[in-house]
Amino acid sequence: MTGALDTSYPDPQASTGLMLWRVTNSWQREIRAALAPFGLTHVQFVLLAVLASLDSETPVTQRDLAEHAATDPMMTSQVLRALEDKSLVERHAHPTDGRARILMITPAGILLVNRTITAVEEADRTYFSTLGNRTQDFTACLATLSAAAGTSGKSGSIGP
């Protein structure tokens with residue numbers, strides 16, 4: 001490698017971390033483009049999708065949702081306010097914990113997330129189609145890394 005960088009990699013393409021960074025940024029651009037017509041950010045979509053995937057009979061708090069989505073609790077709270085302003089989620093007082101809020105996805109939220117999941121899953125299929133029959137192996141490798149990092153969340157029922 002040329003320049004002043006003292007690295008063990010012969011060229012940038014050999015760095016797993018750098019390549020993951022590049023692929024993540026590229027994939028996120030595709031997802032943003034898929035979500036743009038629906039007026040949702042990526043994190044808004046993820047929180048809506050995870051909330052929709054959870055058992056509606058069991059009360060879900062903001063902390064529960066953040067854990068399932070593997071998102072920061074403070075950021076989750078801010079994004080939920082935006083989703084509430086869009087009438088996609090409702091937050092209600094918890095019956096026994098004055099600090100907690102129970103979340104409910106609205107009918108409009110369910111309709112929107114089910115429309116957007118189609119676009120997101122198509123964007124995923126298109127983006128990862130380059131891998132061909134190695135897509136499942138790649139996904140398994142990502143799941144291994146996610147589990148090792150403790151970021152897998154509890155809900156495995158959505159794509160992104």
Side-chain angles (χ1 to χ4, degrees), residues 1-55 60-86 88-89 91 101 103 105 109-160:
M1 194 169 207
T2 61
L5 184 62
D6 185 15
T7 177
S8 61
Y9 295 108
D11 75 47
Q13 307 294 349
S15 169
T16 305
L18 178 61
M19 295 310 297
L20 180 59
W21 172 260
R22 288 178 176 176
V23 169
T24 299
N25 285 324
S26 171
W27 172 76
Q28 286 179 340
R29 278 192 299 277
E30 296 298 318
I31 297 302
R32 277 193 302 273
L35 290 171
F38 302 99
L40 288 177
T41 66
H42 196 173
V43 71
Q44 287 173 341
F45 165 75
V46 168
L47 291 177
L48 271 180
V50 170
L51 185 58
S53 75
L54 297 172
D55 179 8
V60 177
T61 64
Q62 290 178 186
R63 183 168 297 286
D64 295 333
L65 181 59
E67 186 177 323
H68 284 278
T71 54
D72 176 74
M74 290 300 291
M75 184 267 306
T76 298
S77 179
Q78 293 169 348
V79 173
L80 284 170
R81 276 189 227 111
L83 292 173
E84 189 175 34
D85 290 345
K86 293 180 178 191
L88 301 173
V89 237
R91 297 186 299 172
R101 308 294 265 160
L103 304 173
I105 189 166
I110 292 169
L111 182 65
L112 182 60
V113 78
N114 282 316
R115 284 179 40 227
T116 58
I117 192 109
T118 302
V120 167
E121 288 176 352
E122 181 58 31
D124 273 353
R125 274 190 294 281
T126 300
Y127 187 85
F128 294 109
S129 67
T130 304
L131 294 174
N133 61 3
R134 298 176 299 168
T135 302
Q136 287 183 335
D137 291 338
F138 181 68
T139 303
C141 288
L142 292 174
T144 298
L145 290 170
S146 181
T151 60
S152 61
K154 291 183 180 175
S155 176
S157 59
I158 66 164

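All of these numbers come straight from a predicted model, not from anything done at the bench.
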Can you name the side-chain hydrogen bond (donor to acceptor under 3.5 Å, both in side chains) partners of S26, sequence neighbours left out? Y127

Pairs in or reaching into residues 19-47: which pass salt bridge (Lys or Arg N to Asp or Glu O under 4.0 Å), with residues at least two apart or in two chains? none

When every non-hydrogen atom of G39 is compared with those of Q44, the smallest separation belongs to O-OE1, 3.9 Å

Where do M75 and V43 come nearest, in terms of heavy atoms and distance? SD-CG2, 3.6 Å

Just how far is it from atom CG of D124 to atom CH2 of W27, taken to the nearest 0.5 Å? 6.0 Å

What closest approach, in Å, do T130 and R134 show between heavy atoms, and which atom pair accounts for it? O-NH2, 4.3 Å

Across all chains, not counting sequence neighbours, the side-chain hydrogen bond (donor to acceptor under 3.5 Å, both in side chains) partners of R125 are E122

Contacts of type side-chain hydrogen bond (donor to acceptor under 3.5 Å, both in side chains), residue T116, not counting sequence neighbours: none

With sequence neighbours excluded, residues passing side-chain hydrogen bond (donor to acceptor under 3.5 Å, both in side chains) with R91: Q62, E84

Partners passing side chain to side chain contact (heavy atoms under 4.5 Å, CB included) against V89 (at least two apart in sequence or in another chain): L51, L80, L83

Atom pair CD1/CG of I105 and L47 - distance to nearest 0.5 Å: 10.5 Å

So, taking the atom named CG in D137 and the one named CG in L142, what distance separates them when rounded to the nearest 0.5 Å? 11.0 Å

Heavy-atom pair with the smallest gap, counting every atom of A66 and P73: CB-CA, 3.9 Å

Rounded at 0.5 Å granularity, tell me how far CG in L103 sits from CG in D64. 8.0 Å

Any idea which heavy atoms bring L35 and H42 closest together, and the distance? CD1-CA, 3.5 Å

So CG of L20 and CG of L145: to nearest 0.5 Å the spacing works out to 8.0 Å

Answer yes or no: is there a donor N or O on one side and an acceptor on the other, between the side chain of S146 and the main chain of A143, under 3.5 Å? no

Roughly how far, to the nearest 0.5 Å, is the CG atom of L40 from the CG atom of L88? 6.5 Å

